[in-house]
A.B. asks: 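Got a structure here, written out as C-alpha coordinates. Questions coming.
Atoms considered below: every heavy atom in the structure, side chains included; atoms not considered: hydrogens, waters and symmetry mates. For clarity, every value in this text was computed on a predicted model and none was experimentally measured.
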Amino acid sequence: MLNVRSYNPALQQRLRGFLTAKDAEGLCQYLASLSHSAFRTAGMMLGDALLKELPSEDFWHFFSTIVPTHS
(Lines give C-alpha, C1' and ligand atoms only; values in the text may rest on other atoms or scores of the structure.)
Protein backbone atom coordinates (compact mmCIF):
# COMPACT_ATOMS: atom_id res chain seq x y z
CA MET A 1 0.00 0.00 0.00
CA LEU A 2 1.27 3.44 -0.90
CA ASN A 3 1.90 6.09 1.70
CA VAL A 4 -0.93 8.64 1.47
CA ARG A 5 1.52 11.55 1.32
CA SER A 6 3.32 9.98 -1.63
CA TYR A 7 0.19 9.18 -3.64
CA ASN A 8 -0.23 11.02 -6.91
CA PRO A 9 -2.73 9.37 -9.29
CA ALA A 10 -1.44 11.10 -12.44
CA LEU A 11 2.15 10.18 -11.65
CA GLN A 12 1.16 6.62 -10.80
CA GLN A 13 -0.70 6.24 -14.10
CA ARG A 14 2.30 7.55 -16.04
CA LEU A 15 4.69 5.19 -14.23
CA ARG A 16 2.38 2.22 -14.82
CA GLY A 17 2.33 3.09 -18.52
CA PHE A 18 6.11 2.70 -18.73
CA LEU A 19 5.98 -0.54 -16.75
CA THR A 20 3.19 -2.00 -18.86
CA ALA A 21 5.03 -1.10 -22.06
CA LYS A 22 8.26 -2.53 -20.57
CA ASP A 23 9.93 0.75 -21.49
CA ALA A 24 12.74 1.04 -18.95
CA GLU A 25 14.67 3.56 -21.02
CA GLY A 26 11.59 5.77 -21.39
CA LEU A 27 10.97 5.56 -17.65
CA CYS A 28 14.58 6.54 -16.99
CA GLN A 29 14.19 9.62 -19.23
CA TYR A 30 10.86 10.48 -17.63
CA LEU A 31 12.36 10.30 -14.13
CA ALA A 32 15.11 12.71 -15.23
CA SER A 33 12.46 15.22 -16.32
CA LEU A 34 10.62 15.31 -12.98
CA SER A 35 10.93 17.98 -10.31
CA HIS A 36 12.79 16.96 -7.17
CA SER A 37 9.60 16.34 -5.18
CA ALA A 38 7.92 14.43 -8.02
CA PHE A 39 11.09 12.36 -8.46
CA ARG A 40 11.04 11.45 -4.77
CA THR A 41 7.35 10.55 -4.97
CA ALA A 42 7.97 8.43 -8.06
CA GLY A 43 10.82 6.66 -6.28
CA MET A 44 8.59 5.83 -3.34
CA MET A 45 5.81 4.60 -5.61
CA LEU A 46 8.18 2.43 -7.64
CA GLY A 47 10.00 1.03 -4.62
CA ASP A 48 7.02 0.53 -2.33
CA ALA A 49 4.55 -0.96 -4.77
CA LEU A 50 4.85 -0.72 -8.53
CA LEU A 51 8.10 -2.61 -9.15
CA LYS A 52 7.05 -5.32 -6.70
CA GLU A 53 4.07 -6.10 -8.94
CA LEU A 54 6.30 -7.01 -11.91
CA PRO A 55 7.42 -10.50 -12.85
CA SER A 56 11.02 -11.15 -11.81
CA GLU A 57 12.57 -10.75 -15.27
CA ASP A 58 10.81 -7.41 -15.81
CA PHE A 59 11.78 -6.21 -12.34
CA TRP A 60 15.46 -6.87 -13.04
CA HIS A 61 15.26 -5.23 -16.46
CA PHE A 62 13.88 -2.01 -14.92
CA PHE A 63 16.20 -2.22 -11.93
CA SER A 64 19.36 -2.62 -14.03
CA THR A 65 18.32 0.24 -16.32
CA ILE A 66 17.20 2.76 -13.71
CA VAL A 67 19.50 2.28 -10.72
CA PRO A 68 22.82 3.13 -12.43
CA THR A 69 21.39 6.52 -13.39
CA HIS A 70 18.83 7.22 -10.64
CA SER A 71 19.95 5.42 -7.51
A.B. asks: Using the salt bridge (Lys or Arg N to Asp or Glu O under 4.0 Å) criterion, which residues pair with Asp23? Sequence neighbours excluded.
C.D. replies: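 Partners of Asp23 under the salt bridge (Lys or Arg N to Asp or Glu O under 4.0 Å) test: none.
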
A.B. asks: Quick check for you: to the nearest 0.5 Å, what is the distance between Gln13 atom CD and Thr20 atom OG1?
C.D. replies: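 Rounded to the nearest 0.5 Å, the CD-OG1 separation comes out at 10.0 Å.
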
A.B. asks: Applying ring-ring contact (aromatic ring centres under 6.0 Å, His included), can you list everything that pairs with Phe63, at least two apart in sequence or on another chain?
C.D. replies: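 For Phe63 the ring-ring contact (aromatic ring centres under 6.0 Å, His included) partners, ignoring immediate neighbours, are Phe59, Trp60.
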
A.B. asks: Can you list everything that forms a salt bridge (Lys or Arg N to Asp or Glu O under 4.0 Å) with Glu53? Sequence neighbours excluded, please.
C.D. replies: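 Expected list: Arg16.
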
A.B. asks: Enter the distance from Leu19:CG to Leu27:CG here, rounded to the nearest 0.5 Å.
C.D. replies: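 Going from the CG atom of Leu19 to the CG atom of Leu27 covers 6.0 Å.
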
A.B. asks: To the closest 0.5 Å, what do you measure between CG (Leu11) and CZ (Arg14)?
C.D. replies: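 Answer for the CG-CZ pair, Leu11 versus Arg14, is 9.5 Å.
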
A.B. asks: Please report the shortest heavy-atom distance between His61 and Lys22, naming the atom on each side.
C.D. replies: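 It is NE2-O, 4.1 Å.
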
A.B. asks: Only counting residues at least two apart or in another chain, list the ones meeting side chain to side chain contact (heavy atoms under 4.5 Å, CB included) with Pro55.
C.D. replies: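 Here the qualifying residues are Glu57, Asp58.
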
A.B. asks: With side chain to side chain contact (heavy atoms under 4.5 Å, CB included) as the test, pick out the partner of Leu15 among Leu50, Asn8, Leu51.
C.D. replies: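 With Leu15 as partner, Leu50, Asn8, Leu51 yield a single side chain to side chain contact (heavy atoms under 4.5 Å, CB included), made by Leu50.
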
A.B. asks: Enumerate donor-acceptor pairs with a distance under 3.5 Å from any side-chain N or O in residues 28-40 to protein atoms, sequence neighbours excluded.
C.D. replies:
residue, atom, partner, partner atom, Å
Ser33, OG, Tyr30, O, 2.7
Ser35, OG, Ala38, N, 3.2

